[in-house]
Amino acid sequence: MADHVLARLTLAERASLTSGESLWRTQAIERAGIPSITLSDGPHGVRRQPDGGDHLGVGHSLPATCFPPAVALGSSWDATLVRTVGEALGREARAMDVQVLLGPGVNIKRSPLCGRNFEYFSEDPRLSGVLGAALVLGIQAQGVGAAVKHFAANNQETDRLRVSAEVDERTLREIYLSAFQHVVTVARPWMVMSAYNRLNGVYTSEHRWLLTEVLREEWDFRGVVVSDWGAVDDRVAALRAGLDLEMPTSGGGTDASLVAAAETGALDPALLDVSAQRVLDLVGKAVPYPGESFDAEAHHRLAREVAGQCAVLLKNEGVLPLRPEASVAVVGELARSPRYQGAGSSQIVPTRLDDVVSEMSALAGRELAFAPGYRLDDQERNPALEEEAVRLAGNAEVTVVCVGLPGEEESEGYDRTHLDLPAGQLALLEAVAATGTRVVVVLSNGGVVRVAGWDHLTAAVLEGWLLGQAGGGAIADILYGVANPSGRLAETIPLRLEDTASYLNFPGELGTVRYAEGVFVGYRYHDAIGGEVSYPFGHGLSYTEFAYDELDVRVRGEGEEMVVKVSARVTNVGERAGREVVQVYVAAPSANVRRPERELRAFQKVALAPGESTTLRFTLAFGDFAYFHPVRRLWTIEPGAATVHVGASSRDLRLSGTLELPGTLPRVVVTPDSPLADWIAVPGGLEVLRREMRPPAETGQPHSRFLNDSALRMAASVPLRRLARFPGAYLDPERLETLAAEVNGGADQLVIESR
């Protein structure tokens, strides 16, 4: 809305614009012609609450298509597909009179225990950022806003409203802010939602560095920063830091605090005007679409197609796809009572709901034998149900066993405590396998589960995640070969919880969680230590095979203008049409900081007919080889050889090429307080020291004993000013400043104050 609208408002009215009118609506000011708009939970469906509806009254929300949650969409590795989902979400939001959809969530899966991992895409910021941007672009193409969340370092549910995530800036920049940066700069979301937690001691809703210096000044975000619901601790501090809109309504209490602060001079009224104008601009963009509807059946078909590209075939010993005439039994309550979404604020009331056993029976052309095997509300074994399941399995050539996590195991608000399937389900699996039937396991889970203890019992494992309302049909399509599986893991499946990088620092203690693993999250950690995993990041099987060749890597330009062109040919060498996810990883040189063995920098999903080939082309830039220098506080490339890998997972690297990088790290500047190692590292520094540190002629020594090889190693960390005081150094303390100037010369320089 135009600036003159704001000018007509009183101070109290301006303050009211920066908080909600109710749970889901912004503040209207009728006399000024300012309407309210509706915000609604997402991100995998429109959870439109009727006016006056309770915040967590899931059963009272309007029916909407429940698309696969982010845990599944992440495994699609398909930005085009995800954008299509976003477009459908936008259409449903318009039909339900929703102007802003609260999603996507692009927080990183730091630990597999996070109770809300089902709402997040990946353990990798590049994958999360690209898919998050695609969803935003799809939603906003329909004239509906998106609110990317939860900004930032919201990687657990334990104590989430108070815990302080202690994260160094390099780790923040490379891992936890990177996906947000991509979404903000590429997709331009209408809103960014701040998180509940503290970041390095400061609530994110009051964090000026985060909300203003980084988000607005560096990334040029021009939309509205909204709080998570109930996340504001100090309204005045939050607005001063850059938070524009507090949700939900505070009943006018915090509005009054803004007015009082402005009247007493504790708050610059101009800051209030800026936030109020941003809210007005948002309201001006949010056009209502009265009388619109959406095609529920078409969206259900889309949900099934999407889900079919999200499930990941982890293992297949020739048992899949099933033959229609094969003798098949289906075991597991989850086959008829599906888990299709996680618990918490994103729960959708679906327009319809498919189950696995019904959809498999439809494709087989007959009713398949089914036994529940266990109860969903009881995690222990049920002998009677288990006996029935074993009897059916013993008469079947193949038994599909549907297992997974009960709904209460993973939810917004609390974290998991282990990675295991329920004991009763594991006992059922062992009993079924003992009959000699070939076992196909179908998993339903929003977070990773441990497979190492039972994987050997199976002929095939299909990771079904939470696939939305049409997931049952999608699973049946894959099992019977109607669809060729093309999902790839967006997170590592570890052998044990103890093998994960955050194990000793999750979920923290006494109100603090330390991100001590730094940038080594997920596959970055597993690959750095060379540790075994059950299934690596990027892994997924198909009913066909793909071959890679003709890698070409070319470099143009230097520094921040550098462009690296990568191309590779992929061929479907099997007998079925299928989709392959081609992944590009970079291993960049580093001597000053420890970096991951390789990092995902590009990917593309491609569909190929049998025998068909295509050449994929990727463009990498400066940032794909750089790291955030913790002292210089700038993105930096070190000189040396970098390797570009192209493959099918972080551990299935089919092609590799190298290139020489000139680097952007400036020359180190030494001072008298720099350690001996820095003086020696500067070109010419050792020669100057050998000239100066000369013992008397009668000793017969060419230079100080501290410059011998063994002594150099021992004294490397000693500041030169202190070294000069040691007997036998033969170094004049009064000449140190002069020597530093000589060694430094006039080159582009970097002072390293600490190491």
Handout entry: Approximate separation, where rounding is to 0.5 Å, of Glu123 CD and Thr500 OG1
Key =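 Here the rounded value is 10.5 Å.
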
Exercise for the section: May I ask you to decide whether Arg524 forms a salt bridge with Asp124, counting only side-chain N to carboxylate O separations under 4.0 Å? Expected result: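 Looking at Arg524 and Asp124, the cut-off is met.
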
Handout entry: Electrostatic pair Glu412-Arg160, nearest N-O below 4.0 angstrom
Key =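 A salt bridge links Glu412 with Arg160.
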
Problem - Distance under 6.0 Å and angle within 45° of ring axis: Arg91 vs Phe294 - result: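 No - Arg91 does not lie over the ring of Phe294 by the 6.0 Å and 45° rule.
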
Exercise for the section: Identify which one of Phe180, Tyr196, Tyr176 satisfies the ring-ring contact (aromatic ring centres under 6.0 Å, His included) criterion when paired with Phe151. Expected result: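 Single ring-ring contact (aromatic ring centres under 6.0 Å, His included) partner of Phe151 among Phe180, Tyr196, Tyr176: Phe180.
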
Handout entry: Over 12 non-hydrogen atoms of neighbours within 6.0 angstrom of CZ in Arg375
Key =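 Count not over threshold, so no.
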
Practice task
Count the heavy atoms belonging to other residues, nucleotides or ligands that lie under 6.0 Å from CZ of Arg579, then report whether that count exceeds 12.
Solution key: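 Atom CZ in Arg579 is not packed in, count stays at 12 or less.
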
No-hydrogen, no-angle side-chain donor-acceptor test under 3.5 Å, [X] and [Y]:
{"X": "Asn197", "Y": "His150", "answer": "no"}
{"X": "Arg25", "Y": "Thr38", "answer": "yes"}
{"X": "His539", "Y": "Arg488", "answer": "no"}

Handout entry: Residues forming a side-chain contact (heavy atoms from CB on, under 4.5 Å) with Ala483, sequence neighbours excluded
Key =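 Ala483 satisfies side-chain contact (heavy atoms from CB on, under 4.5 Å) with Asp477, Ile478 only.
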
Handout entry: Test side-chain contact (heavy atoms from CB on, under 4.5 Å) applied to Pro372 - qualifying residues, sequence neighbours left out
Key =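 Listed in chain order: Glu333, Arg336, Phe370, Leu385, Glu388.
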
Practice task
Compute the centroid of each ring, for Phe520 and then for Tyr525, and state whether the two points are separated by less than 6.0 Å.
Solution key: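 Not under 6.0 Å, so no.
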
Exercise for the section: State yes or no: are the ring centers of Phe121 and Trp465 separated by less than 6.0 Å? Expected result: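 Phe121 vs Trp465: aromatic centres not under 6.0 Å.
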
Exercise for the section: Quick one: closest heavy-atom pair of Ala335 and Val330, and the distance? Expected result: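 Minimum heavy-atom contact is CB-CG1, 3.6 Å.
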
Practice task
Give the minimum heavy-atom separation between Gly413 and Glu157, together with the two atoms involved.
Solution key: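 Heavy atoms of Gly413 and Glu157 come nearest at N-OE1, 2.7 Å.
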
Looking at [Y], is its backbone amide N or carbonyl O close enough to the side chain of [X] to form a donor-acceptor pair, meaning the two atoms are under 3.5 Å apart?
{"X": "Ser111", "Y": "Leu113", "result": "yes"}
{"X": "Gln341", "Y": "Ile348", "result": "yes"}
{"X": "Gln156", "Y": "Thr158", "result": "yes"}
{"X": "Asp41", "Y": "Arg47", "result": "no"}

Exercise for the section: Please name all residues satisfying salt bridge (Lys or Arg N to Asp or Glu O under 4.0 Å) with Asp295, sequence neighbours left out, ordered by chain then number. Expected result: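 For Asp295, no residue satisfies salt bridge (Lys or Arg N to Asp or Glu O under 4.0 Å) once neighbours in sequence are set aside.
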
Problem - Steps toward side chain to side chain contact (heavy atoms under 4.5 Å, CB included) verdict (Val71, Asn117) - result: CA-CA 7 Å; Val71 61; Asn117 272 356; over 6 Å; no

